[in-house]
Peer 1: 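One structure follows; several queries about it will come next.
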Amino acid sequence: MTAITDDENPAGSGAAGGAEAGDRAPAADGTNTVAGVGSAGEADGGAGEAGGDRWADGFIARRADPRDDGGTEEDRAEEHEDLVVEEELPVGGPYVGPLRVRLDALRELLGLSRTRLDGHTLTEAGRVLDEAAARQRLSSRHTVVAIAGATGSGKSTLFNALAGVRISETGLRRPTTAAPIACVWSDGAAGLLDRLSIPGRLRRKPLAGGDGDEQLHGLVLVDLPDHDSALVRHREQVDRVLALVDAVIWVVDPEKYADAALHERYLRPLAGHAEVTFVVLNQVDRLPGEAADQVLDDLRRLLDEDGMALGEHGEPGATVLPLSALTGEGVGELREMIGAFVQDRSAPALRLCADVDAAAAKLRSVYVAGGNTGLGERARDDFSARLAEAVGATAAGEAAEREWFRNAGRACGTPWLRLWRWYERTRMPSAALLQPPAPAEEELTARQRVEQAVRTVADEAANGLPAPWAQAVREAAVRGAEGLPEALDELAVREAAATNGKPQRPAWWPAAVLTQAAMTLLQIYGALWLVGQIVGVLEPGLLPPVLVMLAGIVGGPLVEWACAAASRGPARRYGQDAQRRLQEAAASCGRARVLDPVAAELMRYREVQEQYATVSGPTRPGVGAGRAGRAGGSAARRGVSFG
């Protein structure tokens with residue numbers, strides 16, 4: 001990897017032997033030595049003038065008067081008190097508009113999902129909520145912009161050029177920047193810098209005696225270590241700060257602008273943060289002729305492949321521009337863009353919107369279904385039919401129908417037939433006990449059928465759901481199925497007992513019984529008449545008593561047949577009623593134990609799906625009118641700013 005030295009050393013630096021303060025070695029603690037603080041010159045004489053320029057204190061970046069003799073201790077203490085006064089932190093107001101709605105929906109989404117999803121899946125979304133709350137408590141008048149880049153890209157030189165004074169060390173040694181350094185253009189940013197864990201000794205102001213350029217009022221500029229540094233702790237600091245800042249300026253050079261580490265590790269994952277991203281091609285002064293335009297076009301192509309939208313033609317997206325931090329070419333244009341960006345004061349909300357988008361994209365697979373979900377009426381009816389089959393509702397209805405028909409036959413049959421059946425029962429009283437018992441393996445309900453019905457309805461309910469919610473639906477069905485076969489057994493026994501009671505009889509049954517009794521009386525009367533003639537008590541006449549007896553003998557079976565024909569309809573309805581009651585009882589039991597818990601899980605999923613749709617939201621309407629319109633178009637970002 002070739003070190004770029006031209007733009008890392010400003011004009012006048014790099015004196016022989018490294019006597020310039022900006023080229024001195026870092027402090028022993030590994031932090032960046034800032035422009036002569038703790039330099040060898042100070043160690044030798046205390047005044048630190050032999051090595052060149054020095055800074056008078058650790059907070060305001062200003063050149064000390066070489067005629068200053070240091071003054072008394074009271075003067076120095078008073079000066080320090082004036083410089084390091086306690087800052088008043090203007091607290092940011094609440095988020096408003098669509099951003100607030102999305103954050104509330106994300107908070108509700110996590111609350112509904114914690115018992116269904118593992119904590120690792122929700123980690124990023126929880127971090128976004130925490131960072132949103134933390135950023136809301138801090139200054140809304142400041143915008144934190146980080147300058148990031150690779151080794152030798154010239155980011156520290158650009159940092160110094162934007163600040164107008166030499167703050168961050170530049171030089172040949174790699175890595176040059178060992179810790180984040182902040183330059184603040186106005187007071188009130190102490191909380192933001194504490195959040196970035198930037199110590200007081202690494203906080204600077206751009207100019208002496210004031211807040212600096214009014215155009216950059218509210219800017220907090222942070223110079224980061226190299227993202228490709230050989231030291232792991234440097235890369236860790238870059239990753240930590242990039243997750244907290246409001247915007248990023250990526251500095252690339254003509255040699256490493258296509259570095260895979262930059263694109264795969266940072267630009268591609270942060271493609272959704274295009275509106276808070278600046279990409280500057282530094283060191284264009286080293287490119288001859290039209291080479292700068294060619295490299296810039298190739299850089300735009302790579303960013304497009306990374307999925308990062310470019311803010312061209314007034315569209316919102318990342319800004320890409322060439323410059324030379326060493327010669328100052330393009331630095332003024334970048335300063336104007338940053339100034340408009342900072343004065344817009346929408347960067348914190350834009351960054352947060354992008355973070356919410358990224359968190360929603362990571363959660364998409366666990367909230368977005370692959371098709372139509374839910375449990376339709378057909379699936380519910382099929383489940384009830386399977387339970388009815390398992391409980392034997394059809395067989396129970398048929399048995400009730402046969403029993404009702406037999407009872408009708410007994411009531412409407414001839415007395416001689418009933419007498420014969422009574423004789424049979426009295427002659428063999430234990431005949432009913434000789435029926436073979438049911439096999440031991442046959443239960444009142446088919447357990448396997450019940451389990452299969454539960455699995456089927458659970459699979460249909462979970463069809464198309466994301467894996468965690470499909471698993472929750474199946475678990476709810478399995479929990480509800482525990483004890484379901486036993487409950488169905490109890491239903492079958494209870495319904496059988498109710499069916500075996502005294503069945504209802506139609507209104508015409510008494511008339512049929514009386515008619516059957518009349519037929520019997522006719523038979524008896526005809527028989528007695530005939531006997532009386534035989535013994536000589538009555539006048540002889542064979543035909544009348546025979547006709548009377550024949551009428552009774554034929555009329556009895558005829559009445560029985562007519563009653564049997566008339567009983568088929570009521571018997572069928574009675575059996576159907578018994579079947580329906582058992583079906584409804586089985587369906588009610590299955591609904592309470594299985595379908596209702598499954599429906600509750602589906603309802604919860606629909607709730608989280610609605611919340612996720614709110615979190616994802618449409619493309620933020622009116623958010624950003626592009627970099628070109630930032631100077632006068634801040635009103636276009638309604639709904640993504642602090643209140």
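All values below come from the heavy atoms of this structure, side chains included, with hydrogens, waters and symmetry mates left out.
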Peer 1: By salt bridge (Lys or Arg N to Asp or Glu O under 4.0 Å), which residues pair with D577, not counting sequence neighbours?
Peer 2: R580
Peer 1: For the backbone of L112 and the side chain of R604, can you confirm whether one donor and one acceptor N or O come within less than 3.5 Å of each other?
Peer 2: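 Checked: pair present.
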Peer 1: Can you name the nearest heavy-atom pair linking D306 to H263, along with the distance?
Peer 2: OD2-ND1, 2.5 Å
Peer 1: Identify, with sequence neighbours excluded, every residue that meets ring pair (Phe, Tyr, Trp, His ring centres under 6.0 Å) alongside Y612.
Peer 2: Y367
Peer 1: Roughly how far apart are R345 CZ and L350 CG, rounded to 0.5 Å?
Peer 2: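 Rounded to the nearest 0.5 Å, the CZ-CG separation comes out at 14.5 Å.
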Peer 1: Check A274 against M308 and note the closest heavy-atom contact, atom names and distance.
Peer 2: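 Heavy atoms only, the tightest pair is CB-CG, 3.7 Å.
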Peer 1: Do R240 and E236 have side chains that approach each other closer than 4.5 Å (heavy atoms only, starting at C-beta)?
Peer 2: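 Side-chain contact under 4.5 Å: no.
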Peer 1: Indicate whether any N or O donor in one side chain lies under 3.5 Å from an N or O acceptor in the other, for T456 and Q452.
Peer 2: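 Side chains of T456 and Q452: pair found under 3.5 Å.
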Peer 1: Can you find a pair of side-chain heavy atoms, one from V366 and one from L117, that are under 4.5 Å apart?
Peer 2: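 The answer is yes, as the side chains (C-beta and beyond) meet within the 4.5 Å cut-off.
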Peer 1: Taking the side chain from S588 and the backbone from A585, do they hold a donor-acceptor pair closer than 3.5 Å?
Peer 2: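 No, because the side chain of S588 does not come within donor-acceptor range (under 3.5 Å) of the backbone of A585.
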Peer 1: Are W469 and L602 packed together at the side-chain level, in the sense that at least one heavy-atom pair is separated by less than 4.5 angstrom?
Peer 2: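 No, side chains not in contact.
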Peer 1: Taking only distance into account, with no hydrogens and no angle test, what donor-acceptor pairs under 3.5 Å do side-chain atoms of residues 378-393 form with protein atoms, sequence neighbours excluded?
Peer 2:
unit_1, atom_1, unit_2, atom_2, d
R378, NH1, D382, OD2, 3.1
S384, OG, R380, O, 3.2

Peer 1: Return yes if some donor-acceptor pair links the side-chain N/O of S140 with the main-chain N/O of Q136 below 3.5 Å, else return no.
Peer 2: no
Peer 1: The criterion is salt bridge (Lys or Arg N to Asp or Glu O under 4.0 Å); which residues satisfy it with D304, sequence neighbours excluded?
Peer 2: none
Peer 1: Do we see a donor-acceptor contact under 3.5 Å between the side chains of Q609 and R606?
Peer 2: no
Peer 1: Scan the side chains in residues 125-132 for donor-acceptor partners under 3.5 Å anywhere in the protein, sequence neighbours excluded, and list what turns up.
Peer 2:
unit_1, atom_1, unit_2, atom_2, d
R127, NE, E124, OE1, 3.3
R127, NE, E124, OE2, 3.4
R127, NH2, E124, OE2, 2.9
E131, OE1, R195, NE, 3.4
E131, OE1, R195, NH2, 2.5

Peer 1: Is any side-chain heavy atom of L484 less than 4.5 Å from a side-chain heavy atom of E451?
Peer 2: no
Peer 1: For the atom pair CG (D118) and OG (S113), what is the distance rounded to the nearest 0.5 Å?
Peer 2: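 Taking CG in D118 and OG in S113, the distance rounds to 11.0 Å.
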Peer 1: With the side chain counted from C-beta on, respond yes when E275 and P316 share a heavy-atom pair under 4.5 Å apart, and no when they do not.
Peer 2: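 Heavy-atom side-chain distance check passes, below 4.5 Å.
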Peer 1: Within this structure, what is the CZ-CG distance for the pair R265 and L270, rounded to the nearest 0.5 Å?
Peer 2: 11.0 Å
Peer 1: Distance only, no hydrogens: is a donor on one side chain within 3.5 Å (strictly under) of an acceptor on the other, for E607 and Q611?
Peer 2: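 Note: E607 and Q611 side chains miss the donor-acceptor criterion.
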Peer 1: If you look only at distance, which donor and acceptor atoms sit under 3.5 Å apart when one is on a side chain in residues 103-110 and the other is two or more places apart or in another chain?
Peer 2:
unit_1, atom_1, unit_2, atom_2, d
D104, OD1, R107, NH1, 3.1

Peer 1: Just wondering, more than 12 heavy atoms not from R364 lying within 6.0 Å of its CZ?
Peer 2: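 Counting other residues, nucleotides and ligands, CZ of R364 stays at 12 neighbours or fewer.
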Peer 1: Are Y266 and V248 close enough that some pair of their side-chain heavy atoms sits under 4.5 Å apart?
Peer 2: no
Peer 1: So do the side chains of K362 and T121 get within less than 4.5 Å of each other, counting heavy atoms only?
Peer 2: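 No; the side chains remain at least 4.5 Å from each other.
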Peer 1: On a heavy-atom basis, which atom in V594 and which in A481 lie closest, and how many Å separate them?
Peer 2: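 That would be CG2-N, 4.0 Å.
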Peer 1: Got a salt bridge between R102 and D357, using NZ or NE/NH1/NH2 to carboxylate O under 4.0 Å?
Peer 2: yes
Peer 1: Looking only at non-hydrogen atoms, find the nearest pair between A477 and V454 and report the distance.
Peer 2: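 Shortest heavy-atom separation between A477 and V454 comes out as O-CG1, 3.7 Å.
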Peer 1: Work out which heavy atom in P466 is nearest to a heavy atom in S365; give both atom names and the distance.
Peer 2: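 In terms of heavy atoms, the two residues are closest at CB-O, 3.5 Å.
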Peer 1: Would you sort out whether L196 and V144 count as a side chain to side chain contact (heavy atoms under 4.5 Å, CB included), showing the intermediate values?
Peer 2: CA-CA 10 Å; L196 299 178; V144 183; 3.7 Å; yes
Peer 1: Side-chain contact test, heavy atoms from C-beta onward, threshold under 4.5 Å: evaluate it for D246 versus V276 and give yes or no.
Peer 2: no
Peer 1: Has the side chain of R593 got a donor or acceptor atom that lies under 3.5 Å from a matching backbone atom of E482?
Peer 2: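 Yes.
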Peer 1: For L99 and C353, which heavy atoms make the closest approach, and how far apart are they?
Peer 2: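 It is CD1-SG, 3.7 Å.
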Peer 1: To the closest 0.5 Å, what do you measure between CD (Q579) and CD (E584)?
Peer 2: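 So the gap between those two atoms works out to 11.0 Å.
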Peer 1: Between the main-chain N or O of L192 and the side-chain N or O of R135, is there a donor-acceptor pair closer than 3.5 Å?
Peer 2: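 Looks like no, no N/O pair under 3.5 Å.
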Peer 1: How long is the gap from NE2 on H273 to CG on L352, to the nearest 0.5 Å?
Peer 2: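 Going from the NE2 atom of H273 to the CG atom of L352 covers 9.0 Å.
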Peer 1: What distance do Q471 atom CD and L465 atom CG have between them, rounded to the nearest 0.5 Å?
Peer 2: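 Interatomic distance, Q471 CD to L465 CG, rounded to 0.5 Å: 11.5 Å.
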Peer 1: Does any N or O in the side chain of D344 come within less than 3.5 Å of the main-chain N or O of S346, such that one atom is a donor and the other an acceptor?
Peer 2: no
